[in-house]
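Everything below concerns the one structure shown next.
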Amino acid sequence: MTKIAILGFGTIGQGLAEVIATNSEKIKAQCGGIEIKYVLDLREFPEHALGGRVVHDFNIILNDPEIKIVCEMMGGSHPAYDFSLKALNSGKGVVTSNKEVVANFGPELLKAASDNNTRYLFEASVGGGIPIIRAMTDSLRGNEICEINGILNGTTNYILTQMKSSGKSMSEALACAQSLGYAEADPSADIDGVDACRKICILSAIAFGTLVPSVKVDTVGIRNITTQDISDAEKNDSSLKLVARATKLPDGTISMSVSPTFVRNDNPLAAVNDVFNAVLVRGNTLGDVMFYGKGAGSLPTASAVLADVIDLVLCEGHQPKQQLWERCENVISSLPSDAFSDYIGRVGTPIAH
Ligand code: HSE
């Protein structure tokens with residue numbers, strides 16, 4: 001039985017406890033079982049089955065040699081980054097759903113994992129339950145990736161779908177997304193495209209080996225989208241989607257953007273609705289491949305966290321393989337202009353990250 005600690009007992013942390021309980025037999029058969037020994041949170045959870053395992057001091061987890069794996073689901077950069085670094089430096093494996101930390105500090109944390117003969121895994125950081133990180137890292141490694149186009153934020157896709165199908169206003173649709181556990185603690189990260197931007201930075205780092213700082217990506221969210229924009233898309237045989245994209249140009253430069261986009265209805269991304277996400281990846285020998293699934297929500301995201309935890313348990317005692325990322329300065333932040341999509345026009349100015 002492997003003992004783990006959960007950092008942050010919000011939507012995803014509680015989801016992880018639930019999937020571990022629900023699938024305990026399957027987990028036991030694969031890796032001998034997983035026990036949540038500690039839950040770190042500022043709050044108490046007296047009603048929860050794990051309420052007695054709540055601690056408020058990270059050092060209890062750090063200094064417990066029984067804890068081999070730490071699952072960071074706190075959100076925000078700090079102290080999530082600091083705790084992850086300390087855990088890696090003490091030889092513990094770290095699993096995260098925290099895209100902000102991966103997008104901001106991926107190079108440092110991957111290096112710390114490598115230096116300490118352990119791993120930093122982040123399947124749940126992009127696309128919720130979609131197994132996109134492992135697919136891009138492993139299954140597509142024989143390809144040069146040329147381009148990635150994705151619907152990477154469940155909240156905004158849910159809002160755009162609701163505005164189109166049931167005529168809800170943006171604020172009504174956002175309230176529903178919040179009640180379903182899709183939105184960030186500060187939903188402006190969803191609405192203004194920041195969350196999608198962090199995710200395309202992570203995917204592009206896997207594809208191209210270098211992490212573009214999110215502040216360099218021209219990012220326009222859906223804040224100023226109206227029902228008129230949505231019906232304009234329909235009149236043009238298109239659907240309005242928040243599309244994140246990364247392209248490697250022939251000179252090696254990476255071009256990236258996040259923007260509301262008219263996606264023609266014959267493009268598979270146009271049919272991606274509600275909380276679903278999709279990532280369309282173009283490889284030089286494979287051609288196009290699309291990954292599709294629930295991009296947010298407690299259990300889908302927790303299922304991706306659990307897969308990483310099981311991976312870490314299974315690789316214990318083996319020489320772990322850990323990818324490394326450089327930081328990339330060779331980037332063009334540009335709005336899409338090619339045949340893939342017709343940019344709707346700048347609806348508001350790009351956000352200052
Ligand atoms: N707020 C995020 C979204 C959660 O809506 O996609 C999953 O990363």
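We count ligands from 1, going down the list as the structure has it; atoms in each ligand are counted the same way.
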Starting from [atom], locate the nearest protein heavy atom and write down its residue, its atom name and how far away it is, to 0.1 Å.
atom: atom 6 (O) of ligand 1; value: Gly154 N, 2.8 Å
atom: atom 8 (O) of ligand 1; value: Lys99 NZ, 2.6 Å
atom: atom 2 (C) of ligand 1; value: Glu184 OE2, 3.1 Å

Side-chain donor-acceptor contact under 3.5 Å, [X] with [Y]:
X: Asn273; Y: Lys241; value: yes
X: Asn143; Y: Thr285; value: yes
X: Thr210; Y: Glu326; value: no
X: Thr219; Y: Asp192; value: no

**Item:** Side-chain touch Val55/Val39, heavy atoms, less than 4.5 angstrom
**Value:** no

Numbered atoms and elements of ligand 1 in range of [X], under 4.0 angstrom, heavy atoms:
X: Lys199; value: 2 (C), 3 (C), 6 (O), 7 (C), 8 (O)
X: Ala296; value: 3 (C), 4 (C), 5 (O), 6 (O), 7 (C)
X: Gly295; value: 6 (O), 7 (C)
X: Asp190; value: 1 (N), 2 (C), 3 (C), 5 (O)

**Message:** Between Phe83 and His78 (judged by ring centroids, cut-off 6.0 Å), do the two rings come close enough to count as a pair?
**Reply:** no

**Message:** Is the distance between the ring centroids of Phe122 and Trp325 under 6.0 Å?
**Reply:**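 So the answer is yes for these two rings.
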
**Request:** Begin with the C-alpha distance, continue with both residues' side-chain angles, and end with the deciding distance and a verdict on side chain to side chain donor-acceptor pair (under 3.5 Å) for Asn116 and Thr118.
**Result:** CA-CA 6 Å; Asn116 290 283; Thr118 185; over 6 Å; no

**Prompt:** Is ligand 1 less than 4.0 angstrom away from at least one heavy atom of Gly128?
**Reply:**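 Judged by the 4.0 Å heavy-atom criterion, Gly128 does not count as contacting ligand 1.
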
**Asked** Heavy-atom contacts under 4.0 Å between Asp195 and ligand 1: side chain, backbone, both, or neither?
**Response**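 Side chain only.
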
N/O separation below 3.5 Å, [X] to ligand 1:
X: Ser125; result: no
X: Thr155; result: yes
X: Ala183; result: no

**Request:** Between Ile12, Asn153, Ile151, flag the one that comes closest to atom 3 (C) of ligand 1 by a heavy atom.
**Result:** Asn153

**Asked** Which of parallel (below 30°), tilted (30 to 60°) and perpendicular (above 60°) describes Tyr182 and Tyr158?
**Response** perpendicular

